[in-house]
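A short worksheet on the structure shown next.
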Amino acid sequence: MARLTINGTVHDVNVAPDTPLLWAIREWVGLTGTKYGCGVAQCGACTVHVDGEATRSCQTPVSAVEGKKITTIEGLAANGTLHKVQQAWIDNDVPQCGYCQSGMIMAVAALLKDKPKPSDADINDAITNICRCGTFQQVREAIHAAAAKA
Amino acid sequence: MNHIPQLNRRSFLIATAAAGGGLAIGLDLPFGGPAAVRAADGSPEVTAWVVIKPDDAVVIRIARSEMGQGTATGLAQMLAEELECDWSKVSIEFPTPGESLKRGKPWGRMFTAGSRGIRESNEMVRKGGAIARTMLIQAAATTWSVPAGECTAANSVITHKPSGRTVSFGKVAEAAGKLEAPKDAALKDPKDWKIIGKPVKRLDTAPKVVGGLTYSIDVKQPGMLLAAVRACPVFGGKVKSFDAAKVSGMPGVKKVVPVGENAVAVVAEHWWEAKKAVDALPIQWDVDPEKAKVSSASIAAFMKTGLDATEAFVGNQNGDAKAAIAGAAKKVEAVYGYPYQNHATMEPMNATVRFTPEKCEAWASTQDADVALAALAEASGLPIEKCEFYKLPLGGGFGRRTTHDWLHQAVAIAKQMPGTPVKLIWSREEDMTQGRYHPATQCKLVGAFDAGNNLTALHMRLAGQSILAYVRPQALENGKDPFAFQGLNAAGPEGQFGYTVPNLLIDHAMRNTHVPPHFWRGVNNNHNAIYLECFIDELAKAAGQDPLEFRRKLMANHPKHLAVLNAVAEHAGWGKPAPQGVFRGLAQHMGYGSYVAACAEVSVSDKGVLKIHRIVAATDCGYAVNPAQIERQVAGSFVYGLSAALYGECTVKDGAIVETNFDSYNVLRIDEMPKVEVLVRPSGGFWGGVGEPTIFVAAPAVLNAIAAATGKRIRTLPLKNHKLRDA
């Protein structure tokens, strides 16, 4: 049993303590916007925020995040208004298949919180998510566009 | 007007909501008066392609699969162009293959591969729009008691010119849907296009940025259980035995079941529980000892026997290359190789299936819904009429989702739990080791020059695995795999060789292994373009000529190939100094109906560290339906193509694939992404593909630039296995 606070709601989930947060979110809580891609913290499709920090949930056991504030892609928009990264993704027509984009957007939102005007080098260091469709050119443009709006 | 719609005097169609599909299903009823076919919400269909709601909202049916390539938006643009509707009111939906079958396949083929979405269905889709427009106009004209020829449609409004009366599509859609569709309708002249050719935004973005798009892996069904599977790691091997008792008491585990002859699955309440159990499950495999000895080295040695073999299938020849080479003043020879690749779609293979003796339903994503439905019938043993496949958005396809081995598995599991929906998800490890791989090949190239350094002959001997021999053996032509020569053919949309060489021989010695090959974005063009375009640079160097000038001399008879090459050379500044330490490389190729070229700019540090600074890429796809989406496909193609060139390699040890995840099968990330400048250069008059062609030139342009930078020619991939500087 673990008590998880996800997008402001407390969920008591009946899981083994070593269960990855990813699967607790997807299958016990039922929020499927956070994606499984690799299970070994390589691809970043499972990225969520834990106390505001970008975290790869596939390698994070639920026991490590009890009592912490977890935000998933479903909780990124506040009061019905898209986060500026989400809006920039729409404005720049970023997603192709879209499967990696939940994790990409969560990683970028965390980056902009730390560095509101990231340089290309900052982006290269912070954004290590895999996108097989290859949206990186649009991702970079959209990050700068979102930063410019701040 | 040639085709005035008539009132439908045939048996009429009535709609009923499709279970889970949200679409209309037409049922032939023996009695009653005319009625429009209705979508699930009661809105009338004008034709099978178009539903128009009373508020003028337009729903366009898309038969092809959308996997990120943007085909759904492009196809909708083409239909909307002819329909003359308000683009801001357009949305899309995807019919199921079962509905298609019941209605006589009104949307044509659902198959989505080979960059075919737009290039093969453009006429059908545009006519779908034109016919619906004709019917809407006729319905308005009938209401007004005026000749249809006096009415026009634009922006979802029909106008009767003499009287100035207007009516919106939504007001006449009901009446239009009751008319008999004309058999044909004239299409617009391309010069009059208003929506085709515009860089409109994709229609499917909004749910993707909020985690709201339901992919196959996200499907939920009441009472659903989850399954994880392990198949024999040595291809062709079988399950000898497994010890279910060892894991049946683990948390959440419901059942351990055999899956076909070669796999075992654990079904549990949650996938994580199923995966933990299947990982812990003791399985004994029955493996052919010969296959268990196969390694990358043994495969390479086997393929090498093809390089000089007497027997080979001829794909393209003119003159007498062998004689010309034997008598040449100068010869150049090189051997190249290309490894196995995994598609590595971001969403691993998965499917949810519910089986009962009366019905078999699947919720999954596929690139070929018609074949998926047939696979469902075959695997379930039920007639196809009792099966339905609900097509969900694809988290990547790249060719992998044209085959349905994973669907067969999901049905095999569900059949052992009748009535319970079971979602099978492959782990990334299963996805990597049970792939259908880009074939491994080798190539020996020999070029001959006369005393004036003119190229007199070229022999290109391919040796390696045939995709068709494994996937579609009935498509072999007297044993020959015509697909092996993609981009090297004398003529045709599947890839015309772009050079004129007086004596030419391109042949293929087939060398098939037990590793299952498959279509992988770009397919055989990928290695063919590397072999040819890198060797052309080698020939230019041997002749002491500039690579661009050397190509130009051989390309005079291929103006479309040459035009894109010239475009990238000019835009990149070929012949002008590059920035300090930066070197350029060129490549061109033709395939899937389109002409592509690239110029890469790279630097290689003293320590051999490669940096790809800039790519200029040109595409001539005939007609450019959506330049913004073409730009995205071209830029993305460099990520896919360069991931393979830099890192991609599935190696074989003891008969099984070694690489199990992205830590050992690395791919390009944003930090290595070069700036890609895209030149969309449609020359008109034909419809070429876009999703794949640019991949052909990604690797050879970069390899040629590396050779220019270092003087060292890399002839096998991936680059991670090479030191770029000898120091």
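Below, chain A is the first sequence line, B the second, and so on; all start at residue 1.
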Side chain, backbone, both or neither: which part of B:Met67 has a non-hydrogen atom closer than 4.5 Å to chain A?
backbone
For A:Gln96 and B:Gln633, which I'm curious about, is there any donor-acceptor pair between the side chains at under 3.5 Å?
yes
Using heavy-atom distances under 4.5 Å, tell me whether A:Thr19 contacts chain B through its side chain, its backbone, both, or neither.
both
For the rings on A:Trp28 and B:His270, is their centre-to-centre separation under 6.0 Å?
yes
Heavy-atom distances under 4.5 Å only: say whether B:Pro207 touches chain A with side chain, backbone, both or neither.
neither
Please look at B:Glu672 and chain A and tell me whether the side chain, the backbone, both or neither of the residue comes under 4.5 angstrom of a heavy atom of that chain.
neither
Give, as side chain, backbone, both or neither, the part of B:Leu394 having an atom under 4.5 angstrom from any heavy atom of chain A.
backbone
Please determine, among B:Leu213, B:Thr214, B:Leu226, B:Asp204, the option with the most heavy-atom pairs under 4.5 Å with chain A.
B:Leu226
Which answer fits A:Gln86, side chain, backbone, both or neither, if we ask what part of it has an atom under 4.5 Å from a heavy atom of chain B?
both
Exactly one candidate in A:Val94, A:Ile90, A:Asp93 meets side chain to side chain contact (heavy atoms under 4.5 Å, CB included) with B:Arg202; the answer is A:Asp93
Proximal component of A:Asn14, with respect to chain B [non-hydrogen, under 4.5 Å]
neither
Under a 4.5 Å heavy-atom cut-off, does chain B meet the side chain of A:Leu82, its backbone, both or neither?
side chain
Do B:Trp272 and A:Glu27 pass the side-chain contact (heavy atoms from CB on, under 4.5 Å) test, and can you show the C-alpha distance, the side-chain angles, and the key distance before you say yes or no?
CA-CA 9 Å; B:Trp272 180 249; A:Glu27 294 194 340; 5.5 Å; no
